[in-house]
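Below is one structure; the comments refer to it alone.
Just follow the structure's listing: the first ligand is 1, and inside any ligand the first atom is 1.
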Amino acid sequence: MTTEHPVQSVRAALVWARAQLDASASPALDAEVLLAHVMQQSRTYLHTWPERTLSSAEHAHFLELTRARAAGTPIAHLLGSREFWSLELLVNDSTLIPRPDTEVLVEKILQLGLPEGARVLDLGTGTGAIALALKSEHPDWQLTAVDQSAAAVELAKTNAERLQLECEILQSDWFSALAATPAADFDCIVANPPYIAADDPHLQQGDVRFEPVTALVASDNGFADLQHIITTARRYLKAGGWLVLEHGWQQAAGCRELLQASGYEAVASGTDYANLERMSFGQWCDTSKVTSEKGGS
Ligand SMILES: C[S@@+](CC[C@H](N)C(=O)[O-])C[C@H]1O[C@@H](n2cnc3c(N)ncnc32)[C@H](O)[C@@H]1O
């Protein structure tokens, strides 16, 4: 498949692309997803009509996307969107591409038995994934979502508008913008913060190479933001409110220790779809232990 011979069948285009993408973990799938996107058809269509020829515009677009993918660009960045909790979210390079495993946090929160009209805070919302998934399940809940990145806040607002899911979205260094918000008392605070250690070799592999370091990396061996959130969230939780955190697969014991040392109760961890402990949570019951003064980040 070259630019000089743009008349190509679907079958030939896929054969060519699979060969270009042999460094990918899933060359056949990548090729099909990209071609389906270019032709604005389903992957089933490609299998049903393998002799259909590509227009020269489709050919040029497919060539461009396949070459970008071969250079490592994440599929989600090439398509401009990623599905999370059956919501189609726009994505860009300002924040993390939502991961399927983050859906276990949404599942956990839905099982907590939060009250009607619950106030829920999503810290480091990125695309808005967690907040918007929760709002889609519980339209009566009041969602607040914050992110330090102005571009991520813009993206999350666009996603909320497109999906018609009401959510207060603020630019904030963790809790800092909430100090001025009246009644910053939440039934649940959820966060998928940066938690990768700066020297983790995985940062040089796969999609994360194209995601901002500010969404991924935390100091103190990846624990700095987790620790800050665990300590500070106590001031923003109602008595009986829950803190639910995503973390790395080797950080569960450390997070449980931090939660227990900070006075949370019912502390436990949960597993992701690969059965790895990637989420920990605790309930804040004793408001007398923390100053009621709000402020700081
Ligand atoms: C791992 S990403 C999670 C994004 C999204 N919640 C998800 O699960 O797909 C972490 C997010 O935290 C944001 N972030 C990093 N430091 C922050 C801070 N100090 N205050 C608020 N947000 C921060 C990043 O911009 C990024 O969007």
Side-chain angles (χ1 to χ4, degrees), residues 74 76-77 81-85 87-109 120-136 143-160 163 165 167-179 181 184 188-198 200 202-203 206-220 222-233 236 243-249 251 255 272-273 278-279 296-297:
H77 285 174
S81 67
R82 170 59 51 92
E83 192 177 332
F84 181 84
W85 199 263
L87 303 175
E88 199 210 9
L89 297 173
L90 300 185
V91 301
N92 61 33
D93 59 9
S94 70
T95 186
L96 195 85
I97 300 163
R99 307 290 203 265
D101 285 318
T102 300
E103 293 183 359
V104 299
L105 277 79
V106 176
E107 287 171 9
K108 175 67 196 169
I109 293 166
V120 181
L121 171 63
D122 177 19
L123 293 168
T125 196
T127 56
I130 298 172
L132 297 177
L134 291 171
K135 185 71 181 177
S136 74
L143 267 299
T144 300
V146 305
D147 204 288
Q148 189 177 40
S149 154
V153 166
E154 212 47 51
L155 180 64
K157 283 184 177 172
T158 304
N159 280 322
L163 295 165
L165 293 168
C167 180
E168 179 187 35
I169 303 172
L170 307 168
Q171 188 177 5
S172 178
D173 176 8
W174 299 132
F175 300 85
S176 65
L178 301 174
T181 306
C188 179
I189 297 177
V190 57
N192 173 15
Y195 53 71
I196 302 176
D200 189 319
H202 292 102
L203 291 169
D207 286 2
V208 291
R209 293 170 296 161
F210 295 81
E211 294 172 307
V213 74
T214 47
L216 300 166
V217 173
S219 56
D220 295 345
F223 274 100
D225 291 310
L226 288 162
Q227 175 155 26
H228 176 71
I229 291 167
I230 288 170
T231 313
T232 315
Y236 294 87
L243 176 61
V244 179
L245 298 167
E246 179 170 322
H247 49 66
W249 65 280
Q251 293 173 321
C255 280
D272 65 10
Y273 297 135
R278 293 279 313 289
M279 159 180 74
S297 60

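Heavy atoms only, all atoms of each residue included: Thr102 and Glu246 are closest at OG1-OE1, 2.8 Å. Closest non-hydrogen pair, Phe84 versus Ala129, comes out as CE2-O, 3.5 Å. For Gly248 against Arg278, the heavy-atom pair with the smallest separation is C-CD, 3.8 Å.
By the 3.5 Å distance cut-off applied to N or O atoms, Asn192 is counted among the residues near ligand 1. For Asp225, no nitrogen or oxygen atom sits less than 3.5 Å from a nitrogen or oxygen atom of ligand 1, counting backbone and side chain alike. Considering backbone and side-chain N/O of Gly124, one or more are found under 3.5 Å from N/O of ligand 1. For a threshold of 3.5 Å applied to N or O pairs, the pair formed by Asp122 and ligand 1 contains no separation below that value. No N or O atom of Thr127 sits closer than 3.5 Å to an N or O atom of ligand 1. Ligand 1 has an N or O atom lying under 3.5 Å from an N or O atom of Gln148, backbone or side chain. For a threshold of 3.5 Å applied to N or O pairs, the pair formed by Asp147 and ligand 1 contains at least one separation below that value.
At distances below 3.5 Å, not a single donor-acceptor pair connects side-chain atoms of Ser176 with backbone N or O atoms of Ser172. When atom types are taken as modelled, the side chain of Asp173 and the backbone of Gln148 share no donor-acceptor pair closer than 3.5 angstrom.
Side chains of Ser149 and Asp147: a donor-acceptor N/O pair is absent below 3.5 angstrom, by distance only.
Each of the atoms 20 (N), 21 (C) of ligand 1 lies under 4.0 Å from some heavy atom of Ser172. Set against the non-hydrogen atoms of Thr102, the atoms of ligand 1 under 4.0 Å away are 8 (O). Below 4.0 Å from some heavy atom of Thr95 lie the following atoms of ligand 1, by number and element: 26 (C), 27 (O). Near Pro98, with a cut-off below 4.0 Å to any heavy atom, the atoms of ligand 1 are 9 (O).
When non-hydrogen atoms are compared, ligand 1 lies under 4.0 Å from the backbone of Asp173 as well as from its side chain. Contact annotation: for Thr125 versus ligand 1, heavy atoms closer than 4.0 Å belong to the backbone alone. Heavy atoms of Ala191 found under 4.0 angstrom from ligand 1: none, in either backbone or side chain. Only backbone heavy atoms of Thr214 (N, CA, C or O) come within less than 4.0 Å of ligand 1; its side chain stays farther off.
The CG atom of Leu89 sits 6.5 Å away from atom CG of Leu132, with the distance rounded to the nearest 0.5 Å.
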The test is side-chain contact (heavy atoms from CB on, under 4.5 Å); show your working for Leu203 and Val213 and say whether it passes.
CA-CA 9 Å; Leu203 291 169; Val213 74; 5.7 Å; no
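For atom 1 (C) of ligand 1, the candidate residues are Ala145, Ala224, Ala215; the nearest heavy-atom contact is made by Ala215.
Checked for salt-bridge contact, Glu211 and Arg99 meet the test: a charged N lies under 4.0 Å from a carboxylate O.
Under a 4.0 angstrom heavy-atom cut-off, Pro194 registers as being in contact with ligand 1.
In this structure, Thr127 and Leu90 have side chains that are not in contact, with every pair of non-hydrogen atoms separated by 4.5 Å or more. Inter-residue side-chain proximity for Met279 and Asp272 is flagged as unmet; no heavy-atom pair is nearer than 4.5 Å.
Given atom 18 (C) of ligand 1, the protein heavy atom at minimum distance is Trp174 CE2, 3.3 Å.
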